[in-house]
Amino acid sequence: MAHDEDNGFAEWGGYFEAKKSKLEEQFAAASDPFRKSNLFAGISIFVNGLTNPSADELKRIMMVHGGTYHHYERPHTTFIIASNLPDVKVRNMDTSKIIAAQWVVDCVQKERVLDYKPYLLYTNQKTTQPRLNFGKSKKEKEANSSTVTICEQVATTTQLEGQLGSILKELQQAALTATSNDVSKPADNTSINATVNGNAARTAVDPAFLSEFYKKSRLHHIATLGAGFKQYVCELRQAHGNKPFGKRAELKSLLPDSLGNDTARYVMHIDMDCFFVSVGLRNHPELRGLPIAVTHSKGGSSATDVPVHPQANRQVELELFAQRFEQHQHDNIRADKVRTGFEEKMSLSEIASCSYEARAKGIRNGMFVGQALKLCPELKTIPYDFEGYREVAFALYDTVAQYTLNIEAVSCDEMFVELTDMLQELQLDVMAFVGHLRQEVRGKTGCPCSAGVGSNKLLARMATKVAKPDGQHLLTTNDAAEYMAATTLDALPGVGHGMTYKLNQAGLRTCGDLQKIAIEQLETLLGKKSAQTIYQNCRGIDLRPLVYEQQRKSVSAEVNYGIRFTKAEECETFLRQLSAEVHSRLLEIKRKTKHITLKIMVRAAEAPVETSKFMGHGVCDNQSKSVVLKQSTDDVNTITSQVLILMRQCEVPPNELRGIGIQLSKLDEPGEEKKENVIKKMFVKMSEKQREKPTLLSTAAPAEPSTKMPAPENPKAKSRPNVLDMLKNASNKKSTVLEAKSQIETKTETPTTKATTSMFHSQFDPEILAQLPEDIRREVLAHKEEYLRSEVGHAKRKSSDNSASSAKRAPPPILPICSPLNASDFLPSTSRAALVKQQERVQRKSYAHANNTPQIVLDCGGWNELEAPSKSAPDCVSAESNNLLLQSNYKDALASWVETEEPLTTDVKLIEFQICELIEMNHFDQIYEVMKYFCRLIKSKRRESCLWHIAYNRIENKIQHRMLETLGYGLSFREAINCANCSAYPQ
DNA sequence: ATCCTCCCCTAC
DNA sequence: TAAGGTAGGGGAGGAT
């Protein structure tokens with residue numbers, strides 16, 4: 001999709017549950033860099049009891065579709081999924097969000113967030129309302145036959161549909177109408193009541209807005225697909241290794257040889273012709289040859305008679321655009337957009353892609369439909385076909401990948417391919433190969449593509465311009481000089497409106513003109529870097545190599561549409577959602593960030609409050625603010641709190657906001673996490689090994705777990721994920737030799753382990769190191785040193801910082817979960833019920849309220865300082881036995897950890913992880929014991945070490961945050977580190 | 001000099 | 001109605 005060619009886009013949501021073609025399976029197997037959809041973004045579920053589909057399946061569906069699955073009900077859980085609950089259970093619950101699992105299934109099937117009300121289990125009417133899926137497209141039906149689980153559900157629904165017929169159709173429509181009326185009523189303020197309503201997610205205030213918007217945003221999909229195919233190429237290359245390309249052989253018999261011994265360099269640029277239109281036309285063959293545009297607008301009267309917002313004023317906005325155009329005269333496109341077809345009632349929907357016939361009439365991608373209709377009243381519009389775009393894009397990539405993987409992905413429909421090596425190996429004629437390839441793409445996709453070939457990327461790209469549409473062209477080095485000289489400057493890659501304007505102002509119009517200019521002159525005009533690039537490019541020189549495996553440098557999520565807040569709370573809620581979104585994208589690429597940037601669009605002072613374009617941003621001023629963290633993070637709370645702080649710093653009234661974006665950059669090195677995990681595993685592995693040693697001597701079958709654990713061995717335990725598996729899954733990296741043995745098994749405690757070693761020991765076992773392959777060994781050692789240096793240095797710097805000047809330091813970040821709550825907010829009846837239950841379970845004694853935050857006061861009482869625990873056996877089994885802090889020797893481990901001079905962050909994180917697991921398992925008693933013991937250890941052994949104090953406080957903080965987050969209350973620890981030197985250290 | 005932040009530009 | 005995202009590159013100007 002060259003920018004003058006196609007800006008079109010593919011809708012993406014709901015794609016994966018669509019039929020799985022072979023290509024797609026291949027793709028998924030490669031590791032699925034794509035979110036299947038964002039359908040459930042901002043929506044969380046908690047599954048209570050048995051459901052159909054099962055909790056596991058629902059979890060999978062939520063994850064795959066951008067939702068959140070809560071293992072425990074939390075105050076902000078959007079829905080509770082259940083099939084039926086005992087009355088006694090229900091009595092204490094807020095039934096307004098208990099719905100049937102079928103809702104999830106139906107949403108996936110309909111590819112939109114449906115009104116949940118018909119799925120309520122407990123309503124006044126007592127019965128769930130009949131539901132129908134009418135107007136189901138052929139595609140949707142196909143889609144459903146893909147996933148087995150969903151398939152069954154759908155079959156039921158479809159049968160039902162058949163039986164109930166049109167009467168129920170009306171019934172449902174009535175139900176939907178009723179619902180939308182409900183929305184306007186002031187409901188109680190839980191967000192789900194606001195509008196989790198099929199098609200009414202109009203502004204960013206609606207919790208379903210984000211997913212709805214992303215589902216329909218062409219630009220979002222263009223970007224996501226582009227990134228996805230870059231990743232895809234990496235994966236294909238890694239999977240392929242050094243294997244030969246089987247498909248090359250048959251080329252030899254099909255195609256003519258090259259003339260003589262051709263050693264020239266050949267780079268191919270291949271690009272689909274008006275991508276979206278071509279794909280769309282496969283379903284509308286009758287429209288071939290006509291002026292076509294892909295757009296959301298339905299065309300006809302809906303494009304020429306659009307409702308006008310009473311407060312919008314196109315005239316004012318147009319003048320404002322004109323005024324700004326005067327200031328930035330280069331922005332021709334935008335000015336042009338407003339110049340025609342901007343009067344009342346003309347559609348302001350944008351054209352994603354238009355056919356060559358439409359282009360002949362002056363229609364361009366990105367133009368408003370209204371404007372286009374003025375140029376060409378007979379313009380036909382066709383809808384997006386997201387499924388088709390992806391299918392075609394995969395076919396394109398896979399076709400090329402049969403012959404070579406020297407591919408630089410540019411976007412979903414465009415790439416550079418280095419052909420030199422392959423052509424020399426086979427002695428093939430280059431254009432014969434290109435023709436063959438294009439034919440194959442055409443055959444597989446039914447869509448035309450064009451290809452250009454040259455001795456570098458620039459010339460290949462220029463050749464494609466000549467080739468289009470549906471053609472191919474070789475721009476030889478001999479022709480290049482002449483061709484370039486005649487080319488206008490705006491045709492050069494990287495030269496857009498702004499630069500074209502500047503250059504034109506200087507009297508430069510073509511590359512030929514530019515070739516006569518001294519580089520110094522160009523540098524004053526454009527800046528050093530741009531000048532150098534364009535200086536070379538206008539001569540046909542392009543030194544950039546093809547980049548096959550591209551490395552992400554930032555992740556971002558932004559929304560500049562539908563942003564209309566009336567209250568600060570609405571804005572905050574949306575910022576949280578967007579933070580969660582960008583966070584999940586960060587997790588997807590398995591990186592961490594150090595730099596968080598908030599970008600906002602603010603209504604220009606003179607601009608009308610309501611925009612001409614429905615829910616558009618109108619004329620705005622932009623701003624951005626950023627913060628650099630001391631340490632890389634992938635923690636959603638950190639990101640969210642920083643974003644909230646940045647927004648506060650902007651001091652913009654929420655009602656003036658028209659766009660919001662969050663960008664994460666300064667990403668850590670990929671693979672760093674892997675290294676860290678290797679180290680974590682080393683620690684654990686060591687303790688395992690050390691503890692195994694004596695066992696090896698005394699037991700015949702060392703692989704067998706010891707039977708000393710009080711908890712009975714669960715036969716399933718081995719197949720369940722343990723901590724290390726979870727760590728492994730979290731990193732999802734290639735396995736290392738360590739993995740094979742890295743299961744934590746139940747251990748026999750022996751006297752030798754006590755004093756000499758622990759899982760926290762900071763030295764690596766040379767024996768284990770020796771077993772590692774050389775490269776990993778080097779990596780581990782190198783990383784260990786670097787790690788020790790940076791962590792310790794960092795902590796030291798921080799603590800001395802603290803003693804030096806605390807006044808200068810910014811206030812500690814306000815974590816979102818700490819924002820003020822109303823007393824009624826933090827203990828909704830549901831979580832109160834859960835709380836009561838937990839109280840019974842662990843025999844808690846009382847509530848305490850402090851700082852408006854309810855806390856559970858734990859008092860397990862009765863054990864002496866540093867005494868071995870009286871009981872450590874959990875009353876539940878299986879996965880729990882893998883938690884290090886539930887092992888009988890956890891105290892020894894802690895004790896010998898505290899023996900080491902300084903705590904490593906890796907170990908602190910490991911403990912945090914383990915404790916978070918305990919929270920998940922409701923082992924508050926154990927948390928309390930661990931922390932009490934840990935605190936006393938530090939007090940007795942590390943009284944002077946602020947590094948240890950900080951470590952303790954960090955862990956406690958983590959516990960409180962997690963507790964608040966998951967259960968809505970904190971834990972009150974009786975013991976605390978009170979160190980005058982570091983107590984003010986912000987966590 | 002070199003870096004950083006806050007932009008702007010460009011591409012698809 | 002409409003779905004104006006996302007990533008990379010780089011420049012201006014201030015901080016160090």
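Convention: sequence-line order gives letters A, B, ...; per-chain numbering from 1.
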Looking at every strand, decide which applies to A:G616 at a 4.0 Å heavy-atom threshold: base, sugar-phosphate, or nothing. base

Minimum heavy-atom distance A:Y548-A:V233, with the two atoms named: O-CG1, 3.7 Å

Phosphate OP1/OP2 of C:dA7 contacted by A:S556 side-chain N/O (<4.0 Å): yes

Checking C:dT6, C:dG10, C:dA2 against the side chain of A:K613 (C-beta onward), the nearest is C:dA2

Lys/Arg N to Asp/Glu carboxylate O, A:D273 vs A:K468, below 4.0 Å: yes

Could you check A:M615 against A:K298 and say which one's nearest nucleotide on DNA chain C is further toward the 5' end? A:K298

Does this structure show an ion pair linking A:E610 with A:R564, if we count only N-O contacts that are shorter than 4.0 Å? yes

Touch class at under 4.0 angstrom, heavy-atom based, for A:S347 against every strand present: sugar-phosphate

With a 4.0 Å cut-off on heavy atoms, is A:Q551 in touch with a base, just the backbone sugar-phosphate, or nothing at all? sugar-phosphate

When you compare the ring of A:H221 with the six-membered ring of C:dG5's base, are the centres less than 5.5 Å apart and the planes under 30° from each other? no

For DNA chain C, whose closest nucleotide is more 5', that of A:S297 or that of A:K529? A:S297

Ring-face cation contact, A:Y214 with A:R585, 6.0 Å cut, 45° max: yes

Any A:S554 side-chain N or O less than 4.0 Å from OP1/OP2 of C:dG8: yes

Answer with base, sugar-phosphate or nothing: what part of the nucleic acid does A:F213 contact at a heavy-atom distance below 4.0 Å? sugar-phosphate

Among B:dC12, B:dT10, C:dG5, which nucleotide sits nearest the side chain of A:M499? B:dT10

Winner on side-chain proximity to A:K553, out of C:dG9, B:dC12, C:dG5, is C:dG9

Mind checking A:Q623 for me? I need base, sugar-phosphate or nothing, with any heavy atom below 4.0 Å counting as a touch. sugar-phosphate

Name the closest nucleotide to the A:S626 side chain, picking from B:dT5, C:dG4, C:dT1. B:dT5

Have a look at A:V555 and say if it touches a base, only the backbone sugar-phosphate, or nothing, with a 4.0 Å heavy-atom cut-off. sugar-phosphate

Heavy atoms from C-beta onward define the side chain here; which of C:dT1, C:dA3, C:dT6 lies closest to that of A:F614? C:dT1

